[in-house]
Amino acid sequence: LAHFMVPFDEAGKGQLSSSKLDRSQPGIVAAFNAATSHLAQVQATTLPKPEEQLILLPETSTDKLCAGWVLYTRRATKGKQVPDNSSTPPGDGFSWHPVQYMSGKLAPYMAKWSPCEQEAVGAVMAIDQSRHWINESRSPTWVLPDNKPVVDASNLMKLGRHSTNPRLQQLLASVNKGNVVFRHNSAKAGHHLIPDALSRAPTSKCTSKDC
């Protein structure tokens, strides 16, 4: 929901913490209505077990400058039908259960960065915010961005080599010290629908008159 906070951030710039929020500023009411409407759509999350495989799907919206991600735990279905929210094809004996839904804003100066650099920022944000789950897991967490240059840069650094992109090198160097493994996951397979939605402001669905 980070993109809904943009009008509030703009309204609070330079103001004292004791100052009252000016609700008459453009976009404030629409952002509030959109944020509260999403509260009714909150889905249940799962507490992962240390022995289960964690899977992190980050996605970055370059036009909205916002990243969204979902952390899943991979759990055996024990003969049960794979649920609709699973990202694993039926028949393999596993389903994915959401552990964490989150989103976060990129810094304004990153608007001029390349898409792969912005995707790397989103992946780093997702890992940092999921760090407590990653540290407790007994297996390396799979990080599955829909951006092959980010995956390639990460894997190069795992081998002790350097990425030709200095920003990717700097962003991913600290990440690779953690217990994570990068793998490419194409959004065309439909696995990134939820993180993609979390990274975008759905203004077309807003019913507020001042949206």
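Treat the numbers as computed from the prediction; the structure is a model and nothing was measured. Here, residue 1 is the first one in the sequence, and each next residue gets the next number.
The structure places CD1 of I127 at 8.0 Å from CG of L172, a figure rounded to the nearest 0.5 Å. From M102, atom CE reaches atom CG of L71 across 11.0 Å, with rounding to the nearest 0.5 Å. Atom CG of L171 is separated from atom CD of E117 by 8.0 Å, given to the nearest 0.5 angstrom.
Here the side chains of E136 and P50 are not in contact, with every heavy-atom distance at 4.5 Å or above. You'll find the side chain of V121 stays beyond 4.5 Å of the side chain of T60, heavy atoms only. Under the 4.5 Å side-chain criterion, counting only non-hydrogen atoms from C-beta, V124 is in contact with D128. Residues W96 and L57 form a side-chain contact, since some pair of their non-hydrogen atoms from C-beta on lies under 4.5 Å apart.
A pairwise comparison of heavy atoms in P149 and C116 identifies CB-CB, 4.1 Å as the closest pair. Nearest heavy-atom pair, P58 versus A126, reported as atom, atom and distance to 0.1 Å: CB-CB, 4.1 Å.
Between T73 and the choices T45, I55, L47, T46, the side chain to side chain contact (heavy atoms under 4.5 Å, CB included) rule is met once, by T46.
For the pair E59 (side chain) and A123 (backbone), a donor-acceptor distance under 3.5 Å is absent.
Residue pairs that meet the ring-ring contact (aromatic ring centres under 6.0 Å, His included) test with at least one member in residues 109-151, sequence neighbours left out, are Y109-W113.
For the side chain to side chain contact (heavy atoms under 4.5 Å, CB included) test, residues two or more places apart in sequence or in another chain that qualify with S137 are L54, S139. Scored by the salt bridge (Lys or Arg N to Asp or Glu O under 4.0 Å) test, E119 finds no partners at all (sequence neighbours excluded).
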